Undergrad: 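My structure is below; once you've seen it, I'll send some questions.
Side chains are part of it too, since the values below use all heavy atoms of this structure and drop only hydrogens, waters and symmetry mates. All of these numbers come straight from a predicted model, not from anything done at the bench. Lettering follows sequence order; numbering is per chain, from 1.
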Number of protein chains: 2
Amino acid sequence: MKSSVEPLKARRIYLLLRDRIIAGDLPPGGRLPGEPALAAEHAVSRVTVRRALDLLEKEGLVQRKPGSGTFVHDSRAVRPIVADLSNVLSHLIDMGRSTDVKLLSFGYVAPPEAIAESLGLKPGERVQRSVRVRLIDGEPFSYLTTHVPEWLGLTYSEAELAARPLLELIERSGVKTERATQAINATLAGPEPAAALDLEIGSPLLTLTRIVHDPSGRGVEHLHALYRPDRYSFHMDLVRIGDDGERRWSPALGRPRASDTAKIDKNKAGEKPTRGSRAIKQRS
Amino acid sequence: MKSSVEPLKARRIYLLLRDRIIAGDLPPGGRLPGEPALAAEHAVSRVTVRRALDLLEKEGLVQRKPGSGTFVHDSRAVRPIVADLSNVLSHLIDMGRSTDVKLLSFGYVAPPEAIAESLGLKPGERVQRSVRVRLIDGEPFSYLTTHVPEWLGLTYSEAELAARPLLELIERSGVKTERATQAINATLAGPEPAAALDLEIGSPLLTLTRIVHDPSGRGVEHLHALYRPDRYSFHMDLVRIGDDGERRWSPALGRPRASDTAKIDKNKAGEKPTRGSRAIKQRS
DNA sequence: CAAAGCTGTATTATCGATCATACAGGTTCC
DNA sequence: GGAACCTGTATGATCGATAATACAGCTTTG
């Protein structure tokens, strides 16, 4: 299998430029540095820069004008979904966007040690492992791997997992969930997540690891979520707390404010604002 | 300038394996899949897998035993620093670790449009831009770019910025800061952050963008922070809120608990990804 | 108009990552 | 002991991304 050697320097430049565009660092409509300048900046040949720009153009992020320059295309194509800290997407649903879940894998396995430890399992105990992909408007944006102790996983079926939020199933079994800890980090896309999220291997991803505990402190769910950063990000409002000598911030609680939800998806179908429709809150 | 073509497939596999090890997916002390298996899994030749393992071994993350296998080195290598939501590092300092700040760049410039907008600046207004790197125990872990309206930036000197927290300087000028919004995301390291954080270009990074407002809602600081995910991550405790039909989480307030702070970075692992000089050959 | 800068296009050459293959020598386990 | 793993090592060939260079045609600017 000879397979292809991918254009990696070029792709990297593509990704970097793409990031800057999405981040708004390069103003929409503005001109980016000339090809020779970019070549020098990244210490590559102009040919390579050219290939990166080809990709950007093919994705519609950029428009080239011969003799003039290369410009950031106005229609800001990609704006991330906004989620608050608790990872709630309900306001998305309120806005009439459809989310969907695909179950990629389901089964009972021996857990990796780190997961066994975080769930407080005894050696030898097995877990239910599931991998799901969440879509919004048909596009995948998150890749969820969950591990649940076997005794708990057996209280629901594969079909139920595909259809209903895991947390709901857990509670249905009588387990109370009141506390959780989570960590947010970044990583690179491996082969499976890349395929599921429609990304290149090596693309950056946001990660969220959450461990849910029942009132006794026992771990009942281990969630590992990977998010496409161009389609998802965490937002939060902060307020100052502590005495004025102390420079501390604290998350502002309460429902997402109007200004937050307003940021969602600017140009995509300016639907009616906040229809109090029924909620199919899907979440994990 | 021919310069080198980097071993990119190999490096990618290296990064992916490294991630899995750090994440604890591959249990410390455990054996990883054989070289032929890894080669098949990533659809590359064994030689390439080998190169990835060479890097892991050189960093001490892995130990190879001829005839037996390749094992995850026990000394739990790199534990990220834990920060709570408000991005407070004070507990680190409490623990006797030394943090340091290096000022890389300081000046007054015309802001990118996105920043001007977020700070609510009038067209033509200039901003003070600074780039700083934060170190812990001598190792860089975050790359901070701040933009402050010119009128505010002029109230302190470059030397003061290098020595004192920006927020303190802002308050000293009489501006009150009570609210902020922030977003967390992921991206890839560009040339400058990569150099400053001692990373390869294309490494994954955690990003934090925070905009601080004064009581009138005027933006007074735009902070863009990049974090090395192997040295820094966000942690938080969550509690359930809402009526029981509602599956919502809310961050638990209060100071970081002991169990959190205990997780901080155990032993420092070494060696930057060596990879020769190449690259940053600025030829402006 | 003319200079300067830009993108489009073409050609040639190089170099190194990667592949495919083979064999040596150690370990594990039955 | 011996089969079946594993890592270590060596080899030659390939192939494609990248570099270097040159020139065309267009646009902008003074």
Undergrad: At what distance, to the nearest 0.5 angstrom, does CG of A/Leu206 lie from CZ of A/Arg228?
TA: 12.5 Å
Undergrad: Among D/dT18, C/dA22, C/dT9, which nucleotide has an atom closest to any side-chain atom of A/Arg46?
TA: C/dT9
Undergrad: Would you kindly give the CZ-to-P distance between B/Arg50 and D/dC6, to the nearest whole Å?
TA: 13 Å
Undergrad: Expressed in angstrom and rounded to an integer, what is the separation of B/Arg64 atom CZ from D/dG8 atom C1'?
TA: 8 Å
Undergrad: Consider the side chain of A/Thr48, meaning its heavy atoms from C-beta on, and name the nucleotide among D/dT7, C/dT7, D/dA19 that approaches it most closely.
TA: D/dA19
Undergrad: So, are A/Asp54 and A/Arg64 salt-bridged, with charged N and O less than 4.0 Å apart?
TA: yes
Undergrad: Which whole-number value in Å describes the distance from A/Phe71 CZ to C/dC6 P?
TA: 11 Å
Undergrad: So, A/Glu192 versus A/Tyr143: side-chain donor-acceptor pair below 3.5 Å or not?
TA: no
Undergrad: Return yes if a side-chain donor-acceptor contact under 3.5 Å exists between B/Tyr14 and B/Glu59, otherwise no.
TA: yes
Undergrad: Checking side-chain polar atoms at under 3.5 Å, does B/Ser233 have a donor or acceptor matched by the opposite partner on B/His235?
TA: yes
Undergrad: Under the criterion side-chain contact (heavy atoms from CB on, under 4.5 Å), I'd like the reasoning laid out for A/His73 against A/Val62: C-alpha separation, chi angles, the key distance, then a yes or no.
TA: CA-CA 5 Å; A/His73 196 240; A/Val62 121; 5.7 Å; no
Undergrad: With respect to the side chain of A/Lys9, which nucleotide from D/dT18, C/dT18, D/dT7 is positioned closest?
TA: D/dT18
Undergrad: Output yes when B/Arg18 and B/Asp230 qualify as a salt bridge under the 4.0 Å nitrogen-oxygen rule, no when they do not.
TA: yes
Undergrad: Report yes if at least one side-chain N or O of A/Thr70 is closer than 4.0 Å to OP1 or OP2 of C/dT7; otherwise report no.
TA: yes
Undergrad: What nucleotide, of D/dA17, C/dT18, C/dG8, holds the atom closest to the side chain of A/Arg51?
TA: D/dA17
Undergrad: Name all residues meeting the salt bridge (charged side-chain N to carboxylate O under 4.0 Å, His left out) criterion together with A/Arg126; count only those two or more places apart in sequence or in a different chain, and write none if there are none.
TA: none
Undergrad: Ignoring hydrogens and geometry beyond distance, is a side-chain donor-acceptor pair present between A/Glu150 and A/Tyr108 at under 3.5 Å?
TA: no
Undergrad: Can you build the contact string for nucleotides 24-30 of chain D? Use B for base contact, S for sugar-phosphate-only contact, and - for no protein heavy atom under 4.0 Å.
TA: -BBS---
Undergrad: Ignoring the backbone of B/Val44, work out which of C/dT7, D/dG8, C/dC19 is nearest its side chain.
TA: C/dC19
Undergrad: What is the distance, rounded to the nearest whole Å, between atom CG of B/Leu38 and atom P of D/dG8?
TA: 13 Å
Undergrad: Between C1' on D/dG8 and CD on B/Glu57, what's the gap in Å once rounded to a whole number?
TA: 11 Å
Undergrad: Can you tell which of D/dA19, C/dC19, D/dT7 lies closest to the side chain of B/Val47?
TA: C/dC19
Undergrad: Do B/Phe234 and A/Phe234 make the cut of ring centroids closer than 6.0 angstrom?
TA: no
Undergrad: D/dT18 P sits how many Å from A/Ile13 CD1, rounded?
TA: 8 Å
Undergrad: Report the distance from atom NE2 of B/His42 to atom C1' of C/dT18, rounded to the nearest whole Å.
TA: 16 Å
Undergrad: To the nearest angstrom, how far is A/Leu32 atom CG from C/dG5 atom P?
TA: 18 Å
Undergrad: For DNA chain C, what is the dot-bracket line, given that a base pair needs Watson-Crick (N1 to N3, plus N6-O4 or O6-N4) or G-U wobble (N1-O2 and O6-N3) geometry with both distances under 3.5 Å, and | means paired with another strand?
TA: ||||||||||||||||||||||||||||||
Undergrad: For B/Val49 and for A/Gly69, locate the closest nucleotide of DNA chain C by heavy-atom distance; then report the residue assigned to the nucleotide nearer the 5' terminus.
TA: A/Gly69
